[in-house]
**Student:** 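If you scroll down you'll find the structure; I have some questions about it.
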Amino acid sequence: MKKNLPKAYEHKKVEEKLSQKWQSAKLFKQDLSSKAKPFTILIPPPNITGALHIGHALTNTIQDVLIRYNKMQGKNSYWVAGTDHGGIATQNVIEKKLFAEQKKTRADFSRDKFLDILWDWYQECGDTILYQFEKMGWSLDLDNVRFTMDDTRAKAVYTAFEKLWKDKKIYRGKRMINWCCRCHTALSDIEVEYEAQNGKLWHIHYPLENGKQGIVIATTRPETMLADTGVAVHPKDERYQHLIGENLKLPLTNRIIPVVADKEVDKEFGTGAVKITPAHDLLDYEIGQRHKLPIITVISEHGKMIDCPEKYIGMSVQKARAEVAKDLEEKGFLTKTDKYKNNVSTCYRCHNHIEPYLSEQWFVDMKDMAKKATKAINDGKVTYTPETWKNQTLNWLENIQDWCISRQIIWGHRIPVWYCKDCGEKGLMKMDKGKKFALSLPAKCGKCGSKNLYQDEDVLDTWFSSALWPLSTLGWPQRSKELSTFYPSAVMQTGYEIIYLWVARMIMFGLYFGGEVPFKQVSLNGIVRDKTGKKMSKSLGNVVDPLGLIDKYGADAVRFSLLMQASPGKDIPYGEGSIVGARNFTNKIYNAARFLMMHLEGVEGKLEMPKKFKELSDNWIINEFNKITDTGFLEKFEFGKQAESFYHFFWSNYCDWYIELAKPRLAQGGESKKEVLAILVHIFYDYLKLLHPLMPFITEELAEYFAKYTSDNPDFLIHKTILASQKITIDANTVKNFKLIQEIITKIRTIRSQFSIAPKVKLDAVITNENKFISSNKHYIEDLAGIENVVFGGDKPTQSAMTVIKDIKIFIPLEGVIDISKENERLKKEQDKKVKDFETYNARLSNKGFTDKAPKEKVEEFKKIVSTLKEEILEIKDALKSLEK
RNA sequence: GGGCUGGUAGCUUAGCUGGUAGAGCGCCUCGUUUACACCGAGGAGGUCGAAGGUUCGAGUCCUUUCCGGCCCACCA
């Protein structure tokens with residue numbers, strides 16, 4: 001035994017050592033000279049909002065598995081590393097930080113100063129993220145990390161904007177957009193989330209100009225009535241025919257507003273009459289446009305009331321709603337208040353409420369791009385796993401809206417457009433030549449000659465640069481070797497929650513700018529939830545920190561526990577329990593290695609794998625190993641199944657059975673030991689290779705030791721090729737025969753357990769009928785079931801426990817130990833079970849429908865089972881009878 | 001309102017083209033056998049959400065239904 005080896009695996013030392021070794025050996029650098037087929041994955045760049053969470057751990061571990069696995073399949077793997085500036089999300093983090101630390105808001109800083117703060121943050125947070133990349137064992141080249149706002153990426157963004165501009169796909173317009181009053185910016189329609197709320201439906205009477213009975217409208221937002229400029233009814237609504245064209249006197253403000261007829265009004269809803277607030281509702285805006293109603297704004301970009309009766313000015317929308325409702329009630333305009341469930345729009349970044357807001361924004365016309373993407377997907381240029389997301393994407397593309405790309409924040413790519421203060425002309429900024437990215441204004445306005453020019457203050461939606469990620473990371477627009485080698489990438493692995501925000505847009509931009517789809521396969525993973533299935537969030541306090549877990553259990557364990565549960569598109573309930581299991585698995589592997597090392601003491605040179613395997617167990621384990629080498633689970637993104645198959649083989653087959661069976665041979669020494677040791681070591685070493693993509697650290701660490709006993713040269717495992725260990729044809733009966741031996745051993749163990757016979761007490765086993773196969777493998781039974789001698793033939797011993805498997809009757813003499821009533825009970829139970837089985841099968845067989853219609857083989861199979869069961873039952877009956885004597 | 005999912009042992013789940021329900025964790029009993037107690041051996045535990053139907057036979061196919069989760073949609 002190697003004395004200096006601790007009993008439990010110590011992950012910390014190993015992982016620290018190896019992650020440094022890998023990075024300094026430049027193992028994960030891109031290889032532009034390789035002739036092998038490229039296999040590229042672009043990391044979904046994490047936002048620099050803080051440390052990585054467990055969801056990153058999942059999706060990136062999956063990518064790492066794919067990268068390492070494909071590399072070991074002989075492909076030219078390259079995993080592109082990077083981070084994302086994360087627009088609003090990151091700016092929010094910084095604003096919160098500034099407020100907490102200095103009680104300052106963004107208005108307290110100049111644009112440049114604010115940007116400096118953010119760039120400093122990028123340094124700090126970026127380093128944290130890189131540290132985590134390394135800790136997780138991810139095969140990313142950390143010397144070559146892209147950032148969505150670095151010079152190369154900024155040039156790509158500019159070039160893309162320029163092309164869209166020239167192609168007239170980009171335009172600026174005054175539109176109703178989603179405005180986050182907290183983040184103080186426009187959002188695209190898919191950045192809005194909806195939350196169900198228990199609201200109210202207020203019924204308000206708008207009298208006629210002359211004070212007489214007018215119209216009762218229904219609304220969920222009474223405060224917006226202060227900006228009403230009309231009331232609409234359906235043109236065919238008989239109830240209101242006489243009022244169309246009449247004027248109403250708006251309560252509280254006494255503004256005179258007309259009743260208009262519009263077919264968009266739903267007669268069934270509420271009172272069938274709808275108040276029109278063009279400034280604060282999308283549909284109202286459209287109706288207002290059609291009927292040329294004026295636009296009055298009463299809600300500011302901060303979500304506060306403005307330009308309305310004095311008493312409401314400055315109130316929040318919520319406050320004003322209550323006040324207006326109260327005032328209406330006091331003045332007798334409120335006729336009814338119903339409970340009503342509706343959706344409120346919230347910001348996907350801060351979850352504060354969204355106001356529809358009329359403003360000038362930049363948009364991209366997406367129609368054509370969506371059409372091309374649809375075609376590519378339909379043509380199978382991009383596949384989806386799980387496939388259900390393909391249709392969701394196609395559906396979304398079909399109903400695509402123009403993309404609002406301008407954001408009124410500071411952190412991001414500033415929109416490269418200048419305006420003339422004098423004549424209002426606008427144009428594209430020029431990109432300076434040189435390595436650093438910089439833009440400049442033209443010397444003078446092309447239209448009026450004014451030098452009074454300025455750049456647009458807004459920045460681009462962060463998803464704009466994200467959509468370019470597959471191209472920009474590879475150096476586009478430069479037609480580099482890097483780009484031609486690695487574009488398009490092989491797999492886009494990410495969470496299903498950003499399928500529209502990101503994945504679909506990458507496909508559209510990839511086709512538009514790169515001429516090809518950016519990736520061939522989309523593989524979606526689910527969300528990592530807490531163990532009760534709740535989404536993890538800071539406010540719930542149920543987030544788990546990957547670094548903490550790595551520290552406690554090791555990166556291999558964290559990785560494996562996530563992979564164990566990873567199935568395409570499925571959410572993962574994650575608790576510490578599953579990591580403990582994975583940690584125990586690493587320990588199991590380590591201890592198996594320790595066991596082998598112990599027996600390798602004093603062994604010199606290489607161990608030759610035998611050409612032929614004499615032992616049944618050898619053939620069986622080789623066969624079991626071959627089975628796990630070609631499952632194809634990874635190609636199907638079935639990581640859970642792959643992990644389980646590896647886990648089961650090792651723990652159950654290799655350790656619990658094969659090592660246990662090998663022990664006597666190891667103890668024998670000489671050739672016997674050498675032979676079994678060779679098999680043990682070769683399988684173990686090849687297993688390490690197989691497992692390496694999933695658990696890179698422990699496998700690398702152990703392989704270094706075992707390589708010298710095989711004919712393999714020592715090298716990093718990622719440079720090795722995974723292949724089936726020994727493609728040796730195994731006799732078809734081997735597995736069946738071995739299973740029978742296993743069954744016999746288990747049955748004897750059960751008897752031992754039921755009679756509480758200590759492991760060290762050796763027993764005999766008597767098999768009354770001769771069986772050549774068992775007699776030639778009886779040493780397995782003796783070794784693993786605590787049997788002194790397996791004896792064949794002769795009479796059944798008196799005072800013995802008995803069990804039967806097919807035609808094999810096994811007696812365990814238990815002179816003095818046996819408890820007759822216990823054995824009686826045990827046998828009866830076994831009998832009952834068999835009788836029950838017998839009855840189900842027999843019932844089938846006595847059904848004429850079955851025997852006539854079922855396939856012949858099935859009928860034969862059942863007949864055989866029935867006759868075996870019958871025999872076994874008779875034997876048990878016999879044994880029960882002899883107990884009575 | 002439209003669409004997508006899932007409902008299998010206490011928990012998390014596997015079950016392909018229909019042929020007596022598997023696993024991990026937990027639980028119970030036993031065990032300090034010279035790799036591992038982060039271990040070994042054995043055991044208990046499921047009328048597969050419900051109801052119909054197709055079939056000789058259904059967790060597996062069809063219909064209906066109940067309960068979750070998610071996405072999309074400008075009904076005030």
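Just so you know, these numbers use all the heavy atoms, side chains as well, and skip hydrogens, waters and symmetry mates. Here the structure is a predicted model, which is why all the values come from computation and not from measurement. In what follows, chains carry the letters A, B, and so on, assigned in the order in which the sequence lines appear, proteins first and then strands, with residues in each chain numbered from 1.
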**Student:** Enumerate the salt bridge (charged side-chain N to carboxylate O under 4.0 Å, His left out) contacts for residues 560-570 of chain A, please, sequence neighbours excluded, ordered by first and then second residue.
**Tutor:** none
**Student:** Between A:Lys762 and B:rU33, is there a side-chain N or O to OP1/OP2 distance below 4.0 Å?
**Tutor:** no
**Student:** Check the side chains of A:Gln197 and A:Asn342 for a donor-acceptor pair under 3.5 angstrom, ignoring hydrogens and angles.
**Tutor:** yes
**Student:** Can you measure A:Phe560 atom CZ to B:rC38 atom C1' for me and round it to whole angstrom units?
**Tutor:** 15 Å
**Student:** Rounding to an integer number of angstrom, what distance separates B:rU17 and B:rG2 when you compare their C1' atoms?
**Tutor:** 32 Å
**Student:** If we count only N and O atoms by modelled type, under 3.5 Å, do the side chains of A:His291 and A:Asp262 hold a donor and an acceptor together?
**Tutor:** yes
**Student:** Under 4.0 Å: is that the gap between some side-chain N or O of A:Asn399 and OP1 or OP2 of B:rC72?
**Tutor:** no
**Student:** Under 4.0 angstrom, heavy atoms only, what part of the nucleic acid is A:Phe862 near: base, sugar-phosphate, or nothing?
**Tutor:** sugar-phosphate
**Student:** What's touching nucleotides 29-32 of chain B from the protein side, N or O pairs under 3.5 Å?
**Tutor:**
none

**Student:** Check the orientation of A:Tyr496 and A:Trp389. Use parallel for under 30°, tilted for 30 to 60°, and perpendicular for over 60°.
**Tutor:** parallel
**Student:** For A:Ile865 and A:Arg844, find the nucleotide of RNA chain B closest to each by heavy atoms; which residue's nucleotide sits nearer the 5' end?
**Tutor:** A:Ile865
**Student:** Could you give the CE-to-C1' distance, from A:Met597 to B:rC36, as a whole number of Å?
**Tutor:** 14 Å
**Student:** Measure from CG on A:Asn591 to C1' on B:rU34 and round the result to the nearest Å.
**Tutor:** 14 Å
**Student:** Does any donor-acceptor pair link the side chain of A:Arg583 with the base of B:rC38 at a separation under 3.5 Å?
**Tutor:** yes
**Student:** Can you list every salt bridge (charged side-chain N to carboxylate O under 4.0 Å, His left out) pair that touches residues 270-287 of chain A, not counting sequence neighbours?
**Tutor:** A:Asp228-A:Lys275
**Student:** Tell me every residue that passes ring-ring contact (aromatic ring centres under 6.0 Å, His included) with A:Tyr553, counting only those two or more places apart in sequence or in another chain.
**Tutor:** none
**Student:** For A:Trp202, report the nucleic acid contact type (base, sugar-phosphate, nothing); a contact means any heavy atom under 4.0 Å.
**Tutor:** nothing
**Student:** B:rC11 and B:rC4: how far apart are their P atoms, nearest whole angstrom?
**Tutor:** 29 Å
**Student:** In whole angstrom, give the distance that lies between atom OH of A:Tyr658 and atom C1' of B:rG40.
**Tutor:** 20 Å
**Student:** Have a look at A:Pro356 and say if it touches a base, only the backbone sugar-phosphate, or nothing, with a 4.0 Å heavy-atom cut-off.
**Tutor:** nothing
**Student:** P atom, B:rU47 versus B:rU5: distance in rounded Å?
**Tutor:** 28 Å
**Student:** Can you check whether any acceptor in the base of B:rC36 is under 3.5 Å from a donor in the side chain of A:Lys7, or vice versa?
**Tutor:** no
**Student:** If I pick the C1' atom on B:rG15 and the same atom on B:rG7, what distance separates them, to the nearest angstrom?
**Tutor:** 15 Å
**Student:** What does B:rG42 pair with, Watson-Crick or G-U, if both distances are under 3.5 Å?
**Tutor:** B:rC28
**Student:** When we call it a touch if two heavy atoms are under 4.0 Å apart, what does A:Asp656 touch: a base, just sugar-phosphate, or nothing?
**Tutor:** sugar-phosphate
**Student:** Could you give the CD-to-P distance, from A:Glu398 to B:rC71, as a whole number of Å?
**Tutor:** 21 Å
**Student:** Sort me out a list of protein N/O and nucleotides 7-14 of chain B N/O pairs below 3.5 Å, or just none if empty.
**Tutor:**
residue	atom	partner	partner atom	Å
B:rA14	OP1	A:Lys570	NZ	2.9

**Student:** Under 3.5 Å, is there a donor-acceptor pair linking the side chains of A:Glu355 and A:His353?
**Tutor:** yes
**Student:** Tell me which pairs pass side-chain hydrogen bond (donor to acceptor under 3.5 Å, both in side chains) where either residue lies in residues 742-760 of chain A, with sequence neighbours left out.
**Tutor:** A:Lys747-A:Glu830
**Student:** For A:Asn847 and A:Arg844, test the side chains for any donor-to-acceptor distance below 3.5 angstrom and give the result as yes or no.
**Tutor:** no
**Student:** Could I get the full list of salt bridge (charged side-chain N to carboxylate O under 4.0 Å, His left out) partners for A:Lys200, not counting sequence neighbours?
**Tutor:** none
**Student:** Could you list the donor-acceptor pairs under 3.5 angstrom formed between side-chain atoms of residues 636-656 of chain A and any protein atom two or more places apart in sequence or on another chain?
**Tutor:**
residue	atom	partner	partner atom	Å
A:Gln642	OE1	A:Thr631	OG1	3.2
A:Asn653	ND2	A:Glu624	OE1	3.2
A:Tyr654	OH	A:Leu680	O	2.7

**Student:** State whether A:Trp651 places a side-chain N or O below 4.0 Å from either non-bridging phosphate oxygen (OP1 or OP2) of B:rG24.
**Tutor:** no
**Student:** Rounded off to whole Å, could you give me the CD-to-C1' distance for the A:Glu830 and B:rG43 pair?
**Tutor:** 14 Å
**Student:** Classify the nucleic acid contact of A:Tyr500 as base, sugar-phosphate or nothing, counting any heavy atom under 4.0 Å across all strands shown.
**Tutor:** sugar-phosphate
**Student:** If we take the C1' atom in both B:rG1 and B:rC48, what is their distance in whole Å?
**Tutor:** 33 Å
**Student:** Not counting sequence neighbours, which residues clear salt bridge (charged side-chain N to carboxylate O under 4.0 Å, His left out) with A:Lys12? List them please.
**Tutor:** A:Asp551
**Student:** Under 3.5 Å, which protein N or O atoms sit close to an N or O of nucleotides 1-4 of chain B? Give each pair with its distance.
**Tutor:**
residue	atom	partner	partner atom	Å
B:rC4	O3'	A:Thr388	OG1	3.4
B:rC4	O2'	A:Thr388	OG1	3.2

**Student:** Assess the side chains of A:Asn391 and A:Asn395: does a donor N or O sit below 3.5 Å from an acceptor N or O?
**Tutor:** no
**Student:** If you look at every strand shown and take non-hydrogen atoms under 4.0 Å, does A:Asp837 touch a base, only sugar-phosphate, or nothing?
**Tutor:** base
**Student:** Between protein and nucleotides 73-76 of chain B, what N or O pairs are separated by less than 3.5 Å?
**Tutor:**
residue	atom	partner	partner atom	Å
B:rA73	N6	A:Asn343	ND2	3.1
B:rC75	O2	A:Asp266	OD2	2.6
B:rC75	N3	A:Asp266	OD2	2.8
B:rA76	OP2	A:Tyr340	OH	2.7
B:rA76	N6	A:Asp266	O	2.6
B:rA76	N6	A:Phe269	O	3.4
B:rA76	N1	A:Asp266	N	3.2

**Student:** A:Thr746 side chain N/O closer than 4.0 Å to the phosphate oxygens (OP1, OP2) of B:rA41?
**Tutor:** no
**Student:** Base, sugar-phosphate, or nothing for A:Arg749, non-hydrogen atoms under 4.0 angstrom?
**Tutor:** sugar-phosphate
**Student:** Which nucleotide in the set B:rC38, B:rC56, B:rC36 lies at the smallest distance from any side-chain heavy atom of A:Glu660?
**Tutor:** B:rC36
**Student:** Show me the donor-acceptor pairs within less than 3.5 Å that the side chains of residues 781-788 of chain A make with the rest of the protein, sequence neighbours left out.
**Tutor:**
residue	atom	partner	partner atom	Å
A:Glu782	OE2	A:Lys778	NZ	3.2
A:Glu782	OE2	A:Val790	N	3.0

**Student:** Could you work out the separation of B:rG59 and B:rG18 based on their P atoms and round it to a whole Å?
**Tutor:** 13 Å
**Student:** Which whole number of Å gives the distance between the P atom of B:rG46 and that of B:rU55?
**Tutor:** 32 Å
**Student:** Given the C1' atoms of B:rC71 and B:rG57, what is the spacing between them in whole Å?
**Tutor:** 39 Å
**Student:** Does any N or O in the side chain of A:Asp819 come within less than 3.5 Å of the main-chain N or O of A:Lys822, such that one atom is a donor and the other an acceptor?
**Tutor:** yes
**Student:** Between A:Glu193 and A:Tyr348, is there a side-chain donor-acceptor contact under 3.5 Å, judged purely by atom types and distance?
**Tutor:** no
**Student:** Please pick, from B:rG24, B:rC56, B:rA35, the nucleotide with the shortest atom-to-atom distance to any side-chain atom of A:Asn847.
**Tutor:** B:rC56
**Student:** How about A:Phe862 and A:Phe850: are their ring centres within less than 6.0 Å of each other?
**Tutor:** yes
